[in-house]
Amino acid sequence: MQKPRFNKREVLVFRQFQRKGYSLFACLGREVVISVLSVATLTAAKADSISDETWRVDSTETPAREVMLQDVSVTGTRAPLTVSQAARMVTVLSRDDIAQAPVQSVNDLLKMAVGVDVRQRGALGAQTDISIRGGTQEQIIVLLNGINICDPQTGHNVMDLPCDLSDIVRIEVLEGPAGRVYGTSSLVGAINIVTRQYEDQETASRNWRGDIRLEGGSFGYMSAAARLSPPFSCLLPPSSCLLSHLSMGYARSDGFSRSRDGHLNTGYSGSKAFYQGAYRDSIVNMSWHLGITDKGWGSGTFYATPRWQADEQYEHTTKLFSALQGENRKGAVRIQSAVYWNQNRDRYEGYCGRPDIMQYNYNKCDIYGLKLNGYFDWESFLAPRTSPLAPRTSPLAPRTSPLVPRTSHLALRTAFGAELRNENLVSGNLGEPLYQPIHISGTDRDFTLGINRTIFSAFLEHNVTIRRLTLSAGFVATKDSWSGMNMRLYPGVDISYRLAKLTLFASYNSSLRLPSFTEMYYKLQGYAADPHLKPEKMQAVEVGAQYASAAVQAKLSAYQHHGTNMIDWIMDVGQGEEAVWQSVNHTVVNAMGLETSFTWCPQPSLRLSLSYNYTHQDKDLEPSVVSQYALEYLRHKLVARVHSALWRQLSLSLNLRWQDRVGTYTTFAGETLAYRPYALLDGRLQWTARGYTVYADVSNLFNNRSYVDFGNVPQPGACIVTGVRFSLF
């Protein structure tokens, strides 16, 4: 709810602007606000680059999306660049997209991003694998406020997030290798989830803010969440700002299916809590977060095989997330540092509640990390000190210089950094024998196996802006303690050229990924892992164009990926009952694709968007061999969205998704079937009033129960959820 402000300074509003030192803005001693029409979509957004610096991009909930001029800074690179300078295009899911989408989880929200493959094993975000452009769930990196939260044990549970949907300001999806931006694991892309921080400082930091959300629906679904932001900044000087934000939530469901014995086998329940704080003054920016999730769910036939047809599997995870980040605001060199600790606990039950049949698998993984990033502008060192009124020659160059005349509009920015990350797993099933067993709390068992590896990455990048041209080039150098390989360089370069409303862009990027601990060591019930797997490597080229105006946004890009030593689980069904899933390195997997999107917003109350992605991989397997991940990819994906204001505060959102997956699966009866294309329609009817919002969501509106995302995993039919959200202050 937008509260009135008293004694507010008059604000000038401009529809178009340029960040030039000689522009009108440089002469004004007043607050200047840039109004941007809200036409962001899931496939082409106003923010063109990904940012792991959450203090740089402020977000508000006002319909006009008022953004302070000095904060229009986002990056798809190591160093922050302004939106107009960014050389790499990124999908941005805005706060409006999140509020209007008929979803209850980030997992379901990502289904509307055309380049993202979301393979769900249950309704309402119970368990989902996320991949990008034909990759697997292990080949992407997921970040929370720029901090890597991936679990090296397995990528299956990475979307168990501690934050609620209402905490999230935006979700940024960077497609293609992002090694020089985020280091290892970002083989085919990255997803950065940005939560609230500097959100309307003049009110949020000095007034109580809070809301409550209640939901209920099909399959016994119930959910409750609350959010509170106390006004701690009232205790500080006006020049500083202290924000604190706490949210909590609980959700449960009976599930949508039963086992052969008649038991519910896809139900779940879980709780989460998330605390986030931020402090800013004239010298330093700091932010921190602490989150926890505790969730258990029936896994049904999630990991069953024709040889092991278990349909009452169960899994329970507990995750802890913590991070502290800081940046200096003065000086020629900006230093950004972060320290983090994530812990993931997992208990897998092959037969729910029956350890006498199959012992439970216990795992505990601790991840410690230290990041250090820095950047500087060359003109800060090369230019002599001139009058403080001297006009700026570019958004990056603070003052004029005889070496860089104003007419050249040249700016040079160099970024450097390093990250040290330690991953330590103790387990009852994965790893090498421990020198001394470690007791598993709450049980009579011990962790007897484990593995530890340390990853070091160093980064260097240089950015050049010349009038309409932006060039960004750099590399990541990485070495780990596990593979024994020498330090390797993985380069990348992005280039863009801006015309009036059209941006042309091209990029070449490379990256690598170490195998997960599950891929290396899992050897139970029809699975045979290989501890000697090699790291995956990826090189990718992309070219495209993006058009943006007040009413129309469009994007077209083509990409090619060349992967070596790609890891997958495969099965030779020709072996009959002896067939098992084996983790292997594919020699080479080539992928090429085309992605396009179009959004039309003729008026603020109506928005139409259409996006399509085509991917082709040329690696073929023998006729009797089936792939579990790498060669089961979406060849076609089409997403259509409509959002319309029907009457007064009543609005309607419809999301249509059609997709066609390549690959086959073997049924429990031994029959090999190909995945078939399918379409699903979701909708939300919402009434928004001052102080409260009421909505009704329907997913899978036409009750399609024949579609298959994973072989031998039943899918739910239509699901109805109703909810209400109240603003407390």
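Below, all heavy atoms of this structure are taken into account, side chains as well, without hydrogens, waters or symmetry copies.
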> Is there a donor-acceptor contact under 3.5 Å from the side chain of Lys319 to the main chain of Ile149?
Replying inline: no
> Taking side chain as C-beta onward, heavy atoms only, is Glu432 less than 4.5 Å from Ile451?
Replying inline: no
> Would you call His245 and Thr195 a side-chain contact if the rule is heavy atoms closer than 4.5 Å?
Replying inline: no
>> The test is side-chain hydrogen bond (donor to acceptor under 3.5 Å, both in side chains); show your working for Asp96 and Ser94 and say whether it passes.
In response: CA-CA 5 Å; Asp96 288 343; Ser94 70; 5.0 Å; no
> Is there a donor-acceptor pair under 3.5 Å between the side chain of Asn328 and the backbone N or O of Ile335?
Replying inline: yes
>> Let me confirm one number: the CG-CD distance from Leu144 to Gln276, rounded to the nearest 0.5 Å.
In response: 7.5 Å
> After noting the C-alpha distance and the side-chain angles of Asn107 and Gln120, does the key distance pass the side chain to side chain contact (heavy atoms under 4.5 Å, CB included) rule?
Replying inline: CA-CA 8 Å; Asn107 309 11; Gln120 72 173 17; over 6 Å; no
>> Main chain of Asp281, side chain of Arg329: is a donor-acceptor contact present, judged purely on distance under 3.5 Å?
In response: yes
> Would a distance-only check, ignoring hydrogens and angles, find a side-chain to backbone donor-acceptor pair under 3.5 Å from Ser186 to Ala178?
Replying inline: yes
> Can you find a pair of side-chain heavy atoms, one from Met566 and one from Met538, that are under 4.5 Å apart?
Replying inline: yes
>> Assess the residue pair Leu449 and Leu430 against the criterion (side chain to side chain contact (heavy atoms under 4.5 Å, CB included)); give the C-alpha distance rounded to whole Å, side-chain angles, the decisive distance to 0.1 Å, and a yes or no.
In response: CA-CA 6 Å; Leu449 303 173; Leu430 305 175; 5.9 Å; no
> How long is the span from the OG atom in Ser322 to the OH atom in Tyr340, to the nearest 0.5 Å?
Replying inline: 11.0 Å
>> If the test is ring-ring contact (aromatic ring centres under 6.0 Å, His included), which one of Tyr303, Phe302, Tyr348 qualifies with His156?
In response: Tyr303
>> Using 0.5 Å steps for rounding, measure from the CZ atom of Arg345 to the SG atom of Cys365.
In response: 11.5 Å
> When the ring planes of Tyr527 and Trp581 are compared, do they come out parallel, tilted or perpendicular, using 30° and 60° as the limits?
Replying inline: parallel
> Heavy-atom distance under 4.5 Å between the side chains of Tyr521 and Gln153, does that happen here?
Replying inline: no
>> Donor-acceptor check, side chain of Ser583 to backbone of Asp530, threshold 3.5 angstrom: yes or no?
In response: yes
>> Please report the interatomic distance CD1(Ile367) to CD(Gln343), rounded to the nearest 0.5 Å.
In response: 8.5 Å
>> Could you check whether Lys295 makes a cation-pi contact with Tyr268, meaning its NZ or CZ is under 6.0 Å from the centre of the six-membered ring and within 45° of the ring axis?
In response: yes
> Just by distance, do the side chain of Gln313 and the backbone of Gly300 share a donor-acceptor pair under 3.5 Å?
Replying inline: yes
>> Quick one, Asp129 and Arg121 - any side-chain contact, counting heavy atoms below 4.5 Å?
In response: yes
> Which is it for Leu109 and Ile98 under the side chain to side chain contact (heavy atoms under 4.5 Å, CB included) test, yes or no, and what are the steps along the way?
Replying inline: CA-CA 7 Å; Leu109 183 66; Ile98 297 171; 3.6 Å; yes
> Would you say Thr518's side chain and Tyr522's backbone share a donor-acceptor pair under 3.5 angstrom?
Replying inline: no
> Should we say atom NZ of Lys534 is surrounded by more than 12 heavy atoms from elsewhere, each under 6.0 Å from it?
Replying inline: no
>> Looking at His439, I want to see if its NE2 is surrounded by more than 12 non-hydrogen atoms of other residues, nucleotides or ligands under 6.0 Å.
In response: yes
> Atom CG in Asp167, atom NZ in Lys272: separation rounded to 0.5 Å?
Replying inline: 8.5 Å
>> I want to check something: taking the side chain as every heavy atom from C-beta on, are Ile191 and Ile140 in contact at a cut-off of under 4.5 Å?
In response: yes
> So, Arg421 side chain and Ile455 main chain: donor-acceptor pair closer than 3.5 Å or not?
Replying inline: no
> Is there a donor-acceptor contact under 3.5 Å from the side chain of Asp446 to the main chain of Thr448?
Replying inline: no
>> In the structure I gave you, are the side-chain heavy atoms of Ile130 and Val116 within less than 4.5 Å of one another anywhere?
In response: yes
>> Just so I know, are the side chains of Leu320 and Trp341 near enough to count as touching, which here means a heavy-atom distance under 4.5 Å?
In response: yes
